[in-house]
Amino acid sequence: MSFVTVRDVWKSYDGRPILERVNVDVEEGEFISIVGASGCGKSTFLRLLLADELPSRGAIRIEQGHRAMEPNQERGVVFQRYSVFPHMTVRDNIVAAESFGTRSGWFFGKRLRGARERADETLARIGLSHVADNYPATLSGGMQQRLAIGQALTAQPRILLLDEPFGALDPGTRLAMHDFLTELRARTKMTVFMVTHDLTEGFKLGDRVLVFDKPRWDPHDPGAYGATITYDFDARDEGIPFQTIKEKTHVPVSA
Amino acid sequence: MSFVTVRDVWKSYDGRPILERVNVDVEEGEFISIVGASGCGKSTFLRLLLADELPSRGAIRIEQGHRAMEPNQERGVVFQRYSVFPHMTVRDNIVAAESFGTRSGWFFGKRLRGARERADETLARIGLSHVADNYPATLSGGMQQRLAIGQALTAQPRILLLDEPFGALDPGTRLAMHDFLTELRARTKMTVFMVTHDLTEGFKLGDRVLVFDKPRWDPHDPGAYGATITYDFDARDEGIPFQTIKEKTHVPVSA
Amino acid sequence: AAEEKTDFKVAWSIYAGWMPWGYLSDSGIMDKWAEKYGITVEIVQINDYVESINQYTAGEFDGVSATNMDTLSIPSGGGVDTTALIIGDYSNGNDAVILKGEGTVEDLAGKPVNLVELSVSHYLLARALDSVGLAEADLGGVVNTSDADMIAAFAAPEVEAVVTWNPLVSEILSSNPDATSVFDSSKIPGEILDLMVVNTQTLADNPDFGKAMVGAWYEVMGLMAAGDAEALGAMASAAGTDLEGYKAQLDKTAMFYDPAEAVAQAESADLPATMTNVAEFLFDKGILGVNAPSADFVGVAYPDGSTSGDEANVQFRYDTTYMKMAADGSL
Amino acid sequence: MRLINRRPSRPVAVLLAALPFVLIVIAYMIGSDLRLAANPQDKLLPAPSTIWDTAVRLFTEPDKRSGRILLWADTGASLRRLALGVGIAAAISLSLGVLIGLLPYARRLLSGFVAVISMVPPLALLPILFIVFGLGEVSKVVLIVIGITPFLTRDLSQRVLDIPHEEIVKAQTLGASTLVIALRVVLPQILPRLISAIRLALGSAWLFLIAAEAVAADVGLGYRIFLVRRYLAMDVILTYVLWITFLAFVIDWALKRLSGKAFPWMGAGL
Amino acid sequence: MRLINRRPSRPVAVLLAALPFVLIVIAYMIGSDLRLAANPQDKLLPAPSTIWDTAVRLFTEPDKRSGRILLWADTGASLRRLALGVGIAAAISLSLGVLIGLLPYARRLLSGFVAVISMVPPLALLPILFIVFGLGEVSKVVLIVIGITPFLTRDLSQRVLDIPHEEIVKAQTLGASTLVIALRVVLPQILPRLISAIRLALGSAWLFLIAAEAVAADVGLGYRIFLVRRYLAMDVILTYVLWITFLAFVIDWALKRLSGKAFPWMGAGL
Ligand SMILES: Nc1ncnc2c1ncn2[C@@H]1O[C@H](COP(=O)(O)OP(=O)(O)OP(=O)(O)O)[C@@H](O)[C@H]1O
Ligand SMILES: Nc1ncnc2c1ncn2[C@@H]1O[C@H](COP(=O)(O)OP(=O)(O)OP(=O)(O)O)[C@@H](O)[C@H]1O
Ligand SMILES: [Mg+2]
Ligand SMILES: [Mg+2]
């Protein structure tokens with residue numbers, strides 16, 4: 001059986017369909033890039049995977065488990081912005097990834113010291129040791145995203161969700177982050193879903209690239225139908241894709 | 001004589017030098033791309049050209065005229081954001097480019113109708129006719145920047161200054177904007193300065209590419225010296241540059 | 001600097017003995033008398049009694065309804081030479097010291113007392129304590145309490161005694177069966193005088209102003225003395241009560257319906273003693289100002305030409321000229 | 001499921017929203033019952049039925065003396081003062097806000113002064129106000145103006161400063177003079193903020209109005225409350241309090257609507 | 001050069017900032033002189049020298065009767081009431097704000113209620129407060145609490161809602177319970193906002209304090225002002241008004257400093 005199973009998922013907001021008939025199976029350790037036009041529902045799909053929103057119809061399961069009703073430690077996430085806590089130092093942001101799961105949310109004494117040491121190791125690994133006591137606002141965008149990823153991974157999620165994590169970075173920093181992510185993956189073998197606007201980035205990092213688009217559309221009412229996965233590329237072969245067309249796109253629906 | 005003359009310009013903030021010994025001559029109709037590390041003073045240089053800030057030393061002249069003391073109609077500008085007026089419709093934003101120069105800032109009657117007609121022509125040219133009555137907030141980022149450029153050009157400036165005009169756009173839209181700008185240039189032969197983070201973009205669009213960097217630096221005090229133009233590439237030959245090294249870079253200064 | 005003028009403004013505030021001023025203005029009687037003397041007099045009601053005196057002191061009004069004590073402390077103490085044009089009444093039970101539960105004035109010892117500080121209530125309390133040989137220091141403190149909230153205050157658990165005036169007194173006594181009046185102004189008759197005071201200079205320059213005011217006032221006094229239901233009813237409703245309630249308040253007010261009685265009060269030999277008493281009270285409380293060297297720093301002149309206090313600094317005058325004209329029917 | 005992720009269904013939501021009001025009414029009824037049982041003459045917490053009767057009387061029966069329905073006369077007078085005071089304060093603070101926010105000279109001249117003035121307790125100045133502006137309508141309006149103008153001015157000048165510098169530069173490159181920038185770029189953009197600032201300041205404006213009317217007035221909502229406070233006529237006071245609350249709510253709602261209608265460009269921001 | 005681009009030099013800037021204060025003082029001196037020339041005893045606008053003498057006396061000379069320096073006693077009493085009132089209001093509004101902002105159920109239950117309550121004019125409810133809380137310190141503190149809590153609560157709950165949803169989601173993916181989110185994500189982030197909300201509300205708090213002290217008290221800044229109003233001692237009133245203004249300014253400044261010191265992470269925002 002596959003690791004993540006998405007079965008006939010529909011999602012509408014206020015009766016307006018955004019996603020329809022989404023089906024996909026993902027193996028453990030796969031890196032899935034998700035691309036598609038702006039506003040087509042990529043972030044929505046990620047929120048469904050995160051269980052921050054529930055599908056209007058259909059189900060998403062990890063290892064055939066229960067359907068999650070809300071975000072939990074199984075699913076880590078990094079957004080384009082606001083992914084770290086601005087009121088905690090860089091080190092405390094990492095410690096929080098351990099301590100938030102406890103009843104009070106605080107560590108004390110020996111446990112705190114232990115967590116701090118582990119946090120410092122993590123920071124060394126992601127190259128942020130020199131700013132451990134700084135607040136995130138003083139970090140560059142790239143450093144903040146590295147911190148966010150380090151924090152998400154500290155909680156040891158089963159899948160990691162990235163929503164345009166490098167969208168706000170300049171091209172140079174972006175390339176550095178690609179290397180950082182590739183290196184991390186080589187070490188952890190995490191299952192990752194990453195939404196990106198940048199097709200090159202998607203193919204470069206992903207094992208598979210899912211394209212979201214509206215297969216059906218009504219010329220008189222562009223909002224009448226939702227998007228689904230129209231292509232599912234295998235990108236493992238150094239970015240030279242062989243493609244699986246899943247749906248014919250832009251079939252006009254006679255009104 | 002050259003069209004824009006920058007002579008031995010220095011700029012410091014609070015005694016901290018940002019730019020030093022900047023010299024450059026630009027011919028009428030040239031497209032100058034400006035690149036450089038983040039925070040090295042590119043936007044500051046543009047603000048000096050704009051006369052939004054005055055140089056601490058040295059002078060900037062257009063056609064050997066007076067040194068401008070504040071922004072005026074000679075210099076048009078488009079920023080990364082906030083370049084259009086959010087409280088005016090798309091059409092009114094274009095009309096404003098004509099009417100702001102009058103005493104009251106308003107057009108009435110026949111003059112207003114005339115300006116509206118010209119605005120509609122401009123909108124047709126930049127492909128925004130269908131949203132003429134919308135407010136900018138409802139436009140996509142690319143459309144807003146097209147409007148900002150159209151607005152700036154309506155005021156018929158002698159030079160046009162662009163500060164990372166496409167920095168906030170996604171790659172697809174960015175490419176479309178490149179085409180839009182290239183096409184406009186072919187028509188107007190405007191003198192343009194464009195700051196960009198993206199080297200490719202700089203070479204693709206520019207006739208010349210200026211690189212800002214700190215030629216001198218003090219290992220003990222990185223903020224002690226300002227940046228200047230270290231390279232001046234000719235980019236006309238389809239982006240294959242032959243370079244003019246203007247300064248040796250990163251010469252350590254014995255402390 | 002003689003300053004003749006034809007337009008005058010006087011202020012009044014709601015109190016049993018001053019209600020005629022409202023009626024004077026509403027009924028047109030004031031206008032009638034003003035017209036007779038070729039002037040206009042605007043009568044303005046002000047909610048806040050202290051504010052009305054302050055406004056008069058600052059020169060906004062030519063006259064104001066006030067007690068003898070407040071006249072001495074605010075305008076006269078403030079250097080505004082003021083004449084008592086009309087003595088309307090004296091409080092004859094309208095002001096009272098009220099205790100929660102049974103008791104006498106002696107029982108006030110050790111208890112906090114709520115009252116409008118530095119007002120006639122405070123004076124009444126001082127006189128009450130005097131009568132039994134107590135001093136304010138023997139109390140459990142004096143708590144300044146706005147008259148507007150006196151009834152609510154009396155209902156508060158920690159309030160043990162209040163000093164206040166009508167209609168609050170009758171309201172408190174009637175709605176709190178356990179309330180006892182242990183001392184009231186009927187025990188010090190003639191000491192709390194309710195006046196209409198005017199600027200001395202203005203009066204001197206414009207005798208017609210005095211004549212019109214006094215004439216109008218005693219026309220209404222005549223109506224009241226005759227029990228005119230229309231006039232009394234109007235005053236009662238303006239006071240926020242009914243005819244019965246207003247009559248009950250008037251019972252505690254020694255109105256001088258006859259101008260001759262008012263003249264007699266002004267000429268009474270007790271008046272200088274009362275004023276000296278009041279001045280001492282004010283000085284003791286520091287109300288005459290920090291620069292006041294003694295209690296007799298402000299001089300008060302009486303109808304017979306005698307004075308109490310500092311002769312060189314007479315700022316408060318009892319003048320019976322106009323009331324006598326009314327008594328003689330020569331207005 | 002975490003509490004933060006639990007959303008009440010529609011009917012439950014309506015019930016919940018009504019609950020606190022129902023509880024307050026019940027608590028009042030119990031309190032009133034207890035006091036009236038102890039003393040049937042008690043005026044402090046009149047029975048709801050008494051309040052209702054009083055309210056009906058106040059809203060419909062004309063005053064014997066003047067023939068006017070006092071509550072409407074009071075409402076008219078108070079609303080006029082409020083509108084005048086708030087209107088004048090808005091006009092002053094709009095001009096000052098634009099000046100302070102836009103012109104460095106004006107900023108130097110006024111911003112410190114406004115900051116200090118905003119700390120002065122206006123109630124303590126009442127006696128002076130009455131002397132300077134008389135006891136008529138003017139002084140009441142002026143108290144409101146003095147009370148809320150500093151706050152409005154500080155808020156608006158901050159908003160002017162918050163307008164992206166880019167917009168001001170852009171206007172200059174289009175040839176706009178200071179006047180044109182003030183009138184066509186700055187003013188329209190702070191108008192919506194003016195409305196929200198007014199909504200914030202209205203509470204204080206009511207307070208000042210009531211305080212001023214308590215001292216010198218012969219008509220007005222605050223005057224009436226102050227007048228009947230002497231007799232502890234809580235039925236009248238509560239009716240007036242509820243009525244003022246209702247008026248305040250309607251004004252707030254109307255301003256919110258106005259803001260939405262008048263400034264359609266305020267969508268998601270630029 | 002456009003007016004918006006002209007910046008005063010340093011000495012001119014200092015002069016400009018002082019100008020309005022100087023003008024006010026001069027205007028006062030002229031007004032005072034005129035009135036004192038007409039009547040040397042005039043109390044309304046005492047000469048600046050008189051105010052100075054009075055101020056010195058008030059700050060240094062003990063009261064004859066009680067032996068205490070009244071101004072300090074008044075200041076102590078008022079500041080205690082203010083601190084208590086504001087402190088309690090802050091605690092309540094912090095809890096309510098977090099609840100309303102974070103929990104949909106609490107939001108449904110309370111947000112409409114708080115919106116309505118914030119429209120009630122608290123001054124009109126004074127009689128009820130007196131009966132329920134007595135005439136002592138409690139009712140004064142309660143008036144401040146009632147007066148500013150709705151405003152603080154609305155402001156804080158809005159700030160909680162403004163916290164990026166991403167942060168809340170992130171906390172959940174780190175396993176945080178509702179309690180942990182409230183205590184470790186939301187609370188620390190709205191504390192700085194609490195301080196700025198308090199700075200905004202302090203003006204009203206002073207107002208309610210002065211109003212409460214005017215009604216029933218035997219010590220306090222507002223009490224003294226309303227007491228000496230009885231004999232138009234404007235020198236005392238003006239001294240007290242200036243002193244209150246100074247206190248308000250210092251408190252405001254201290255809160256601003258505190259906010260900067262206590263929340264170093266509030267740099268440029270994330
Ligand atoms: N909470 C919501 N309520 C109503 N509509 C929503 C909501 N969230 C998203 N939408 C709508 O759903 C559609 C898809 O939004 P989504 O954010 O998933 O797009 P996206 O593919 O991530 O776009 P982008 O590339 O711009 O991030 C949009 O039209 C959006 O307006
Ligand atoms: N008004 C100012 N006052 C003080 N320092 C300033 C000011 N404007 C810019 N600086 C400083 O000048 C330096 C250059 O800033 P500038 O904005 O010109 O850089 P930039 O090259 O445009 O950077 P970026 O690529 O991030 O836009 C920075 O260190 C900045 O902190
Ligand atoms: Mg998205
Ligand atoms: Mg820049």
Side-chain angles (χ1 to χ4, degrees), chain B residues 9 11-16 18 38-40 43-57 59-62 65-77 79-83 85 87 96-106 137 152 155 157 161 164 167-168 223, chain E residues 1-20 101 104 107 111 115 154-171 173 189-190 192-193 196-197 200 252-270:
Chain B
V9 161
K11 178 72 192 175
S12 12
Y13 286 118
D14 319 317
R16 212 159 47 87
I18 302 295
S38 191
C40 74
S43 298
T44 304
F45 182 60
L46 222 59
R47 280 203 299 276
L48 292 175
L49 287 172
L50 194 51
D52 183 28
E53 306 259 5
L54 302 183
S56 312
R57 218 199 284 175
I60 297 175
R61 290 198 166 81
I62 298 185
H66 282 292
R67 286 187 274 173
M69 302 302 284
E70 57 181 349
N72 58 27
Q73 272 166 295
E74 277 190 317
R75 301 125 203 261
V77 69
F79 298 104
Q80 183 170 342
R81 301 180 64 201
Y82 309 118
S83 288
F85 301 111
H87 58 291
E98 288 190 44
S99 67
F100 270 26
T102 62
R103 178 175 293 268
S104 78
W106 286 103
L161 305 165
E164 301 187 38
Chain E
M1 209 167 164
R2 289 182 190 86
L3 231 48
I4 53 167
N5 292 322
R6 281 201 208 150
R7 269 154 227 288
S9 62
R10 189 98 193 101
V12 174
V14 172
L15 268 181
L16 281 176
L19 193 62
R107 186 148 62 245
S111 71
R154 289 183 83 174
D155 195 72
L156 290 180
S157 54
Q158 188 52 50
R159 294 299 153 156
V160 176
L161 283 170
D162 286 349
I163 291 179
H165 182 62
E166 285 90 338
E167 277 184 34
I168 310 289
V169 170
K170 180 85 183 203
T173 65
Q189 291 199 64
I190 60 167
R193 182 57 207 177
S196 27
L200 274 178
D252 187 67
W253 175 86
L255 284 175
K256 197 163 148 188
R257 287 278 314 222
L258 172 69
S259 178
K261 291 265 160 193
F263 310 109
W265 51 270
M266 290 271 295
L270 188 58

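Note on naming: letters A, B, ... go to the chains in the order of the sequence lines (proteins, then strands), and numbering restarts at 1 for each one.
Judged as a side-chain contact (heavy atoms from CB on, under 4.5 Å), and not counting sequence neighbours, Leu15(E) has no contacts. Annotation: side chain to side chain donor-acceptor pair (under 3.5 Å) contacts of Ser56(B) (sequence neighbours excluded): none. Shown here are the side-chain contact (heavy atoms from CB on, under 4.5 Å) partners of Ala254(E), two or more places apart in sequence or in another chain: there are none.
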Would you mind checking chain B against chain E for donor-acceptor pairs under 3.5 Å and listing them?
from	atom 1	to	atom 2	distance (Å)
Glu70(B)	OE1	Arg2(E)	N	2.9
Glu70(B)	OE1	Arg2(E)	NH1	3.4
Glu70(B)	OE1	Asn5(E)	ND2	2.5
Glu70(B)	OE2	Arg2(E)	N	3.0
Pro71(B)	O	Arg2(E)	NH1	2.9

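Across all their heavy atoms, Met69(B) and Met1(E) have their closest contact at O-CE, 3.8 Å.
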